[in-house]
Amino acid sequence: MPSLSASTLGHLLGDWRDTGSALRALAERIRLLLLDGRITSGTRLPAERELAAVLALSRTTVAAAYAHLRETGYVTSVRGSGSVIALPAVTPPGDARPAHVEIDLTRAALPAATTVLDLSRQAVEDLPRYLSGVGYDLVGLPELRTQLALRYTARGLATRPDEVLVTLGAQHAVGLLARALTSPGDRVLVESPGYPHALDAVRAVGGRPVAVPVAPTTATSPGGWDQESLEEAFARTRPALGYLMPGFHNPTGSVMPAAQRRRVCELARRYGTRLVVDETTNDLAIDGEVPPPFPSDVIHVGSAAKTLWGGLRIGWIRADAATVRRLAERRSPWELGTPVLDQLVVARALPDLDAVLAARGVELRARRDALLSEVGDRLPEWELPVVPGGLALWVHLGRALSSPLAVAARRYGVHVTAGPRFGVDGAFERYLRLPFGADPETLREAVARLAHAWNDVRATAPSPSPFAVLV
Ligand SMILES: Cc1ncc(COP(=O)(O)O)c(C=O)c1O
């Protein structure tokens, strides 16, 4: 059973206090860490005495917070194992469900593209060709690898089918790359804020993340990847792997400029770093062009999840043929291949993907603009980014209240992921990621409810110190 030390939990909790009851605030913050996936379900919590010492609280307060979590179904006491935190199997008692419909803004994704149903029917017609085989496919169907190679080639990156490996989505691709291309203890360059599951994948194989800051573009700042930090991170740590989202970075929406792309490639070559660019959201351009690919020595990761549908668990890796073979060999024993039918659907979709992307751009513009205007109207103190594509706004709240806001929002039936989930070390308490994948009406309702939640947390939070340091 995994266990959490008092100092790690203290670190994860960050600045958790508000002006209300300490036991409630502590219990709520521990619960949020669980709901956000920052504490794994089934983890043993530190002993009350040790946590009390780290947080400079009385043991009674910590005991009462644990008791509250126990009463609401999040903590069980196991004889000999102390207090174990886990997601409740059923709606916990005392956790009043709001009467209205829940709105989930924790995922940055869209519903299926309109063509997916028809394409799925057509793909069934292709299935008989494969039914006489065993169906375990570790590299990808020839027609899908060919179509993907053609798309890279059309984007300016000449690619052969044997330079493509089809995976179970981009997340699987990132995990596979981390496993195959790093050894425990290796440094891995990542972005902060960044995609939390990629960071989890790096940590899961014992990688040591080296964070490079990425800022959103705003009316007053160009944002993007901090050049000095990039230079310093490569030179100081010579990372084994570098993981970047240069096209519509999740969560900031930033796009890496051409000159910086060239420089990052130079640095990676100089310091022997395998560079991976995750282009999962790269095709979701709203205002301008789809960002171009990197040179062929950079490993590209792609996905059908945001363009077509997340329910099609299809992603891919574009790398040199030797790396592709090596990666295919590393798939078992974790999994034994990619579903054939899903691949056939995506292979059918790719020749007409540009039409799907054009429609996605129109849809996303309406959703992004609805969210921008509603937040602008109802929460004018929040600073909004300029986002030319992707699926989310990385909003500056002006106050370090992201986690309490996420907790309060749940009482109004809105689920959001607090800023610290996107950081390497729990920073970003002043930021909130707001995805705009939902329809405009749902987004407007979500913002109305968030405004209520914001009023609640502002009313109970201590006033900001004039000496607070901005992060
Ligand atoms: C940057 C990035 N990579 C990977 C993924 C996961 O993609 P998939 O659903 O294809 O596994 C996401 C999903 O949000 C993402 O934003």
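The shown structure was predicted, so the numbers you read here are calculated from the model rather than taken from an experiment. Every number for a ligand or one of its atoms is a count from 1 in the order of the listing. Computation of the quantities below employed the complete heavy-atom set of this structure, encompassing side-chain atoms and omitting hydrogens, waters and symmetry-equivalent molecules.
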Does ligand 1 have any N/O atom under 3.5 Å from a protein N/O, and what are those pairs and their distances?
from: ligand 1; atom 1: 3 (N); to: Asp278; atom 2: OD2; distance (Å): 2.6
from: ligand 1; atom 1: 3 (N); to: Thr280; atom 2: OG1; distance (Å): 3.3
from: ligand 1; atom 1: 9 (O); to: Arg313; atom 2: NH1; distance (Å): 3.0
from: ligand 1; atom 1: 9 (O); to: Arg313; atom 2: NH2; distance (Å): 3.3
from: ligand 1; atom 1: 10 (O); to: Ala170; atom 2: N; distance (Å): 2.7
from: ligand 1; atom 1: 10 (O); to: Ser303; atom 2: OG; distance (Å): 2.6
from: ligand 1; atom 1: 11 (O); to: Ala170; atom 2: N; distance (Å): 3.1
from: ligand 1; atom 1: 11 (O); to: Gln171; atom 2: N; distance (Å): 2.9
from: ligand 1; atom 1: 11 (O); to: Arg313; atom 2: NH2; distance (Å): 2.8
from: ligand 1; atom 1: 14 (O); to: Lys306; atom 2: NZ; distance (Å): 2.5
from: ligand 1; atom 1: 16 (O); to: Asn250; atom 2: ND2; distance (Å): 3.0

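The residues Asp283 and Lys306 are annotated as not salt-bridged, no charged nitrogen and carboxylate oxygen being separated by less than 4.0 angstrom. Under 4.0 Å is where a charged nitrogen must lie from a carboxylate oxygen, and between Glu163 and Arg145 no such pair does. Here Arg270 does not pair with Glu266 in a salt bridge; the nearest charged N to carboxylate O distance is not below 4.0 Å.
Here OG of Ser402 is found 9.0 Å from CZ of Phe422. Values are rounded to the nearest 0.5 Å.
For residues 164-181, the pairs satisfying side-chain hydrogen bond (donor to acceptor under 3.5 Å, both in side chains) are His172-Glu335, with sequence neighbours left out.
The main-chain N or O of Arg208 is never found under 3.5 Å from a side-chain atom of Arg187 such that the two would form a donor-acceptor pair.
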